[in-house]
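We name chains A, B, ... by the order of the sequence lines, and we start the count at 1 in each one. What's counted below: heavy atoms across the whole structure, side chains too, no hydrogens, waters or symmetry copies.
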There are 2 protein chains.
Amino acid sequence: MKNIEIDEELYQHIASNTQYIGESASSILRRLIKLPTESTADLVVSAEPKIVEETAKEVVETQNSPVALDTNGSVFNYINKEELAMQRGAVGRFLLILAALYRVHNQQFSTVCQIRGRDRLYFAASEAELAASGSSTKPRQIPDSPFWVITNSNTTRKKMMLTEVGRALGYNEQDVEDIRDLL
Amino acid sequence: MKNIEIDEELYQHIASNTQYIGESASSILRRLIKLPTESTADLVVSAEPKIVEETAKEVVETQNSPVALDTNGSVFNYINKEELAMQRGAVGRFLLILAALYRVHNQQFSTVCQIRGRDRLYFAASEAELAASGSSTKPRQIPDSPFWVITNSNTTRKKMMLTEVGRALGYNEQDVEDIRDLL
DNA sequence: GACGGGATCGCCGGGATAATTA
DNA sequence: TCTAATTATCCCGGCGATCCCG
C-alpha cells in the first residue's frame, strides 16, 4: 500500500464515485481509470489462479472476431468480489457480472443476443425489443454497455443465462462454471 | 490536500503516466480520469509534494479503517449524553449524533453519501440535492458540517441509517450497535 | 392555526413458484 | 396423458411520503 496526496476537489470527485459502502480508493480509481481489478488477490475465496492464464488464451482465439482487445486477462480480473458481495440480490450481481463480461468482450458481446428463451428474448440492444418479446420481463441495461437483459426469471434461470453467455464468449467449461457460480 | 491509500500496482500505473518531471499525483489522475484541471487555484507552481512515498502514520486510512485521527477515543467521547437526552425528538438526537460522527471523521464523511434508499438520497452536500431526490424529504443540515440529511422517515429507518453510517465509517459491529442505540 | 415529528399505509422490486406450453 | 421447459403471476419484504398527532 502506498499513499498519494491529492487536492480536495479531486478527492471529492473520487469519493463521490464510490459504488458501495466501504469501497476502497483503489477500487474506485481502478474503475474510473478503467484498469482491471488487482491481479493478485482481492478475489478472496474460490477462483483458482490458474484459471486466469488459461482464460487469457481462450479469449484471444475466440471465434471470428478481430480482437479481444484485452491483453492481460479474464473476466475474473474485472470482477470485484467485494462489490459483488455488496449487492442486495441476485439481480445486482447478475448485472455486475454481465458488465464485467462486456468490458472484456465488447467486440463479440452481441453474440449473446442469440441466447433466448422459447419466445422471449433474453438480450437485446434496446429496452423496447425486450419489452416487446414478453410481458413484464423487467429489462435492465447492462451497466456501461449498450445492451439490455431480461430480469424477470428465477435465480436458476439467471445462472443458466450466465452459463450460456460464458459459452457464447468461448470460455471452457470450467470457467463457465466459475462464472455461473459468481451469482 | 488529502491523502488516499492505494495498492502498489495502481500506484505504479499512475506513476508511469507522469508527463513531466515533478508532476503531482492530482495532475496525473485528473488526466487519467479525464477531469478538468482544478477550477480554483492551487496550480501555482510545481513545488507540491508529489507522489509521497509512505506518508505512513499520519495518514487517515482510506477504507474500512477502525476510527481514525483521534488519539483519545471514539465518537463516544464526542457525544454529550445530557445534550442528547435533552432533545425533543428523534430528529434532534439524530442530527447531534451525525454531527459528532462528522467531527471525528470529517475526512471520510463523504462516503456516507452512498447510503441511500431505493430512490431517495439520504445524505448529500446540499439541501437541493436531497430535495430533488424525493418529495417532502425534510432535509436538515448536519450541524457544523457541509452535509445534509433527509429527515422524513420513521425512527426505525433513522436507526438503520445510523447503522449504515457507522459501518461506512469503519466501526465494528458492536460500536455500530451502540451508535444506533444512541438514538 | 401552523409546524415539525414520525407511524402507517401504499407502492415497488425481487424472484419463487404456479401456470402454461411444447 | 405425462414430463420437461419456459413464462410471468403474485407474494413478500422493503422503501417512500402522506397524513395524523402532539
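- Side-chain contact check for B:H13 versus A:R30: every heavy-atom pair is 4.5 Å or farther apart.
- Proximity of the aromatic rings of B:H105 and B:Y171 is defined here by a centroid distance below 6.0 angstrom, and this criterion is met.
- Read 5' to 3', the first and last nucleotides of DNA chain D with an atom closer than 4.0 Å to a heavy atom of chain A are D:dT6 to D:dC15.
- When all heavy atoms of B:L98 and B:I142 are compared, the closest pair comes out as C-CG2, 3.7 Å.
- When all heavy atoms are compared, the tightest approach of B:V91 to B:R140 is CG1-NH1, 3.6 Å.
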| task | Using a 3.5 Å limit on both pairing distances, list the dot-bracket string of DNA chain C from the 5' end; Watson-Crick and G-U wobble pairs count, crossing pairs take [ ], interstrand pairs take |. | result | ..||||||||||||||||||||
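- Contact check of residues 84-92 of chain B against DNA chain C (heavy atom, cut-off under 4.0 Å) returns B:G89, B:A90, B:V91.
- Atom CD1 of B:I28 sits about 7.5 Å away from atom CD1 of B:I14, to the nearest 0.5 Å.
- Taking CD of A:E177 as the start and CG of A:N172 as the end, the distance is 10.5 Å to the nearest 0.5 Å.
- A heavy-atom distance below 4.0 Å to DNA chain D is reached by these residues of residues 137-162 of chain B, ordered by number: B:N152, B:R157, B:M160.
- Across every non-hydrogen atom of B:Y11 and B:I6, the tightest pair is CA-CD1, 3.7 Å.
- Within 4.0 Å (heavy atoms only), B:S136 reaches at least one base atom of the nucleic acid.
- Remark: B:I179 CD1 to B:Q174 CD distance equals 10.5 Å, nearest 0.5 Å.
- Every side chain to side chain donor-acceptor pair (under 3.5 Å) that A:R31 has, sequence neighbours left out, goes to A:Q19, A:E23.
- From the 5' end on, the contacts that DNA chain C makes with chain A at under 4.0 Å to a non-hydrogen atom open and close at C:dG14 to C:dA22.
- Note on residues 143-162 of chain B: pairs passing side chain to side chain donor-acceptor pair (under 3.5 Å), not counting sequence neighbours, are B:Y122-B:R157.
- Checked against side-chain contact (heavy atoms from CB on, under 4.5 Å), A:S110 has the following partners two or more places apart in sequence or in another chain: A:F147.
- Non-hydrogen atoms lying under 4.0 Å from DNA chain D are contributed by A:G117, A:R118, A:D119, A:R120, A:Y122, all within residues 113-126 of chain A.
- Under the 4.5 Å side-chain criterion, counting only non-hydrogen atoms from C-beta, A:V112 is not in contact with A:E164.
- Connection of A:F94 to A:M160 is not established within any shared hydrophobic cluster, with ILVMFWY side chains joined at heavy-atom distances below 4.5 Å, either directly or through further cluster members.
- For the atom pair CG (B:L162) and CZ (B:R93), the distance works out to 10.5 Å, reported to the nearest 0.5 Å.
- Evaluation of the side-chain contact (heavy atoms from CB on, under 4.5 Å) rule for B:P146 yields B:Y102 as partners, not counting sequence neighbours.
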Could you pull out every donor-acceptor pair under 3.5 Å between side chains of residues 79-88 of chain B and any protein atom, sequence neighbours left out?
{"unit_1": "B:N80", "atom_1": "OD1", "unit_2": "B:E82", "atom_2": "N", "d": "3.0"}
{"unit_1": "B:N80", "atom_1": "OD1", "unit_2": "B:E83", "atom_2": "N", "d": "3.2"}
{"unit_1": "B:Q87", "atom_1": "NE2", "unit_2": "B:E83", "atom_2": "O", "d": "3.4"}

Side chains of residues 123-138 of chain B: which donor-acceptor partners sit under 3.5 Å, not counting sequence neighbours?
{"unit_1": "B:S126", "atom_1": "OG", "unit_2": "B:E129", "atom_2": "N", "d": "3.2"}
{"unit_1": "B:S126", "atom_1": "OG", "unit_2": "B:E129", "atom_2": "OE2", "d": "3.2"}
{"unit_1": "B:S133", "atom_1": "OG", "unit_2": "B:L121", "atom_2": "N", "d": "3.0"}
{"unit_1": "B:S133", "atom_1": "OG", "unit_2": "B:L130", "atom_2": "O", "d": "2.9"}

